[in-house]
There are 2 protein chains.
Amino acid sequence: MKERVNSKDVAKKAGVSQATVSRVINKYPHIRDTTKEKVLNAINELGFTVDQVARSLNTRKTSTIGLLVGDISNSFFAETSKEIISIARSLGYDVMLSNTDHQSDNLKTSLATLIGKRVDGIIVGSVERFDEQIQTLHDSKFPVILYNTRLASGNCNAVVIDNFKGARIATEHLISLHHKKIAYVTLPLNYSTLYERMEGYKQALADSDIPYDPASVYIGEISTQAIENFIDIIMSSPEKCTAVFAASDQIAIKIMEICKSKKIKVPEDISIIGFDNIDLSRSPFIDLTTISQQHIKMSEIAVHNLVNMIENKDMEEENQNASSVLEPQLIIRGSTKVLDK
Amino acid sequence: MKERVNSKDVAKKAGVSQATVSRVINKYPHIRDTTKEKVLNAINELGFTVDQVARSLNTRKTSTIGLLVGDISNSFFAETSKEIISIARSLGYDVMLSNTDHQSDNLKTSLATLIGKRVDGIIVGSVERFDEQIQTLHDSKFPVILYNTRLASGNCNAVVIDNFKGARIATEHLISLHHKKIAYVTLPLNYSTLYERMEGYKQALADSDIPYDPASVYIGEISTQAIENFIDIIMSSPEKCTAVFAASDQIAIKIMEICKSKKIKVPEDISIIGFDNIDLSRSPFIDLTTISQQHIKMSEIAVHNLVNMIENKDMEEENQNASSVLEPQLIIRGSTKVLDK
DNA sequence: GTGAAAGCGCTAACAA
DNA sequence: TTGTTAGCGCTTTCAC
């Protein structure tokens, strides 16, 4: 095992004090050029690199942020994580990533280890509406920022799009195509995102005097079996549905797959609209009409705001306004069409 | 700013020494039950959690591993990262994730910061064949393990599938369907993975006495424009290609999209086979015949081997054999068919 | 079974 | 401009 070289070794080699080495490393302004050079040479010759662990211990700064996502293999999180990691890096932070699998327990343990490791702040991409852990964390003035979801209480900085409005726009798009019986498929409403989208769907129906029909709504886990059953029902009822609004692109694509297996043509037999605008929905094989989350921008803002909170911890004022609401945008593609009379 | 509570505070509260607190935390066997209880109570009352930074400083262990991938938004890396993070967590390690964007420079800086942060080991999912940095790292006895790619020198532990064999199997599958003119599309051969697949393709042709035709091979960046041109050429030459082998599912899907836009039917007009078996290729909209990388198993082995290297650093023997080669597997789906006479 | 003291590698006053 | 000294919060001998 080769011994690590530390700043003491460098100091000895360069014939200066350890403090001076530290000053050179940290680019202190007032150092004699010859001294600086001596130190730099010693650093090179010995192949010294600073031990960030030791540094962190007394600066109480790790230059690391924690990122908690529901499922990194889900396109939405994969795409946003990539952006978050890249921006964080450009601002001098590394990212510790945890996958919660949408389990509150995992959130809890992840949060605990991240905090134990003294990350400077945490970005969370998926929390249930009534989660208390995040609330507590935020109350303790620890830098946290949510993206994608937010808390029902609103007591934590969050970067989201207006999901209510997005869902309204999606539903209105279908209505504008003369659809009246519009099904809605969503995962359970534990997340603000899904909760608000559901509300938006209802609102749009109400605005057009279309009665809300619970039989046209599926709220639950998205298994092939369950969705198949649901499709069978809405397609066979006397007044059958002519369009489906899915709470996410992932769900929409699942529905399209099932339609394909049942020889139901999209959009001829049924129009489908999703939500998120993940990369895949743009594919000519999917070509899904959807609502853009502006997820790249969302990631960007989340990191910038978090770093701002970290670096200006004193200015309380600043921190309060780290929330943003982005505008949803309708992306019309080939999975929706005018209802034939 | 609330003050952090440390083990000294706990010691005072419990009326014991700091050393005893440490012993309790670390589950030392010989502590009087009453003492242990006092300490545990104090810990609870004060809400103490150990500062891993301080602990790391003298145990020289961070319980963190670095993960370097080419592009986390690419399904292959998203899926493997998820698995790696999950297994690492189960073994007591957190993961610091970096995205290299397939740039050697980014690899370099990521490596440097990870090492500066004193991660216990590093898993690398994408390195060029002749990369020297990884080589150097490995030579210095730092725990590194590659997955997916390996070094041309073979001087670093790696978990890969037999890419040569996989490509041979893929090509032979097409040949067994009576295809003779088989195009090959790949990114530049900087990665062992791609290099070996190319060799496998050539070998399979040679084994069946099919001449290797450079005009049927595209090696370069995968832009829509470039692939369109290439498809035009191979489909219009006197002896036109009837099948394409793509070096990755991502490329295969890109080709399928272009075929769709050109009204070229898959598999009727042309058979397409990919490589990797990413989740998407299973989709009924894609239904791509491909070679399975067993990427979940690959991730699993990579983490286990790395942790093994970390935790048994002394036993040199052990470390040498941390490489594994997995068997590729042909997954036949709907994108390939027998060539009509 | 428990405490005192030293030290991990760095930074940050305070002197000089 | 530079050196000395004292920690950061923990673990770890070495005593007792």
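Below, chain A is the first sequence line, B the second, and so on; all start at residue 1.
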(message) From C-beta outward on B:Ser22, which listed nucleotide comes closest to its side chain: C:dT2, D:dG3, D:dT11?
(response) D:dT11
(message) I need the NZ-P distance between A:Lys12 and D:dG3, as an integer number of Å.
(response) 15 Å
(message) Please pick, from C:dA4, C:dA12, C:dC8, the nucleotide with the shortest atom-to-atom distance to any side-chain atom of A:Thr59.
(response) C:dA12
(message) Rounded to whole Å, how long is the line connecting atom CD1 of B:Ile31 with atom P of D:dT12?
(response) 13 Å
(request) With DNA chain C as reference, determine whether A:Thr49 or B:Lys36 sits nearer its 5' end, using the nearest nucleotide of each. (result) B:Lys36
(message) Taking the basic N atoms (NZ, or NE/NH1/NH2) and the acidic carboxylate oxygens, is any pair closer than 4.0 Å for A:Lys117 and B:Asp94?
(response) yes
(request) Send over the distance from B:Asp51 CG to C:dG9 P, rounded to a whole Å. (result) 17 Å
(request) For D:dC10, take OP1 and OP2 only and decide whether either is under 4.0 Å from a side-chain N or O of B:Ser7. (result) yes
(message) How many whole angstroms separate atom CZ of A:Arg4 from atom C1' of C:dC8?
(response) 13 Å
(request) State, to 0.1 Å, how close A:Ala14 and A:Ala42 come at their nearest heavy-atom pair, and which atoms those are. (result) CB-CB, 3.9 Å
(request) Could you check which of C:dC10, D:dT2, C:dA5 has an atom nearest any side-chain atom of A:Gln18? (result) C:dC10
(message) Under 4.0 Å, counting only non-hydrogen atoms across every strand here, what does B:Val50 touch: a base, just sugar-phosphate, or nothing?
(response) sugar-phosphate
(request) Ignoring backbone atoms, test whether B:Asn6 places a side-chain nitrogen or oxygen under 4.0 Å from the OP1 or OP2 oxygen of D:dC8. (result) no
(message) Within this structure, what is the CG-CD distance for the pair A:Asn99 and A:Gln103, rounded to the nearest 0.5 Å?
(response) 10.5 Å
(request) Compute whether any side-chain donor of one residue and acceptor of the other, for A:Ser110 and B:Arg89, lie under 3.5 angstrom apart. (result) yes
(request) Could you work out which one of C:dG3, C:dG9, D:dT1 sits closest to the side chain of B:Thr20? (result) C:dG3
(request) Would you mind reading off the distance between A:Lys117 atom NZ and D:dG9 atom C1', rounded to a whole angstrom? (result) 17 Å
(message) Whole angstroms only, please: what is the OH-P distance between B:Tyr28 and C:dG3?
(response) 15 Å
(message) Of the listed nucleotides (D:dG3, D:dC10, D:dT1), which one gets closest to any side-chain atom of A:Arg32?
(response) D:dT1
(message) Which nucleotide wins on minimum distance to the side chain of A:Asn58, given the candidates C:dC8, C:dC10, D:dT4?
(response) C:dC10
(message) Side chain of B:Val16, heavy atoms from C-beta onward: which of D:dG3, C:dG3, C:dT2 has the nearest atom to it?
(response) C:dG3
(message) Is it the case that C:dG3 (base atoms only) and B:Arg23 (side chain only) share a donor and an acceptor within less than 3.5 Å, ignoring hydrogens and angles?
(response) yes
(message) If I take atom NZ in residue A:Lys8 and atom C1' in nucleotide D:dG3, what distance separates them, rounded to the nearest angstrom?
(response) 14 Å
(request) Tell me which nucleotide among C:dG9, D:dT2, D:dC10 gets nearest to the side chain of B:Arg55. (result) D:dC10
(message) Under 4.0 Å between a side-chain nitrogen and a carboxylate oxygen: does that hold for B:Lys61 and B:Asp120?
(response) yes
(message) Determine whether the aromatic ring centres of residues B:Tyr147 and B:His295 are separated by less than 6.0 angstrom.
(response) no
(request) Round to the nearest Å and state the distance from A:Arg60 atom CZ to D:dC10 atom P. (result) 10 Å
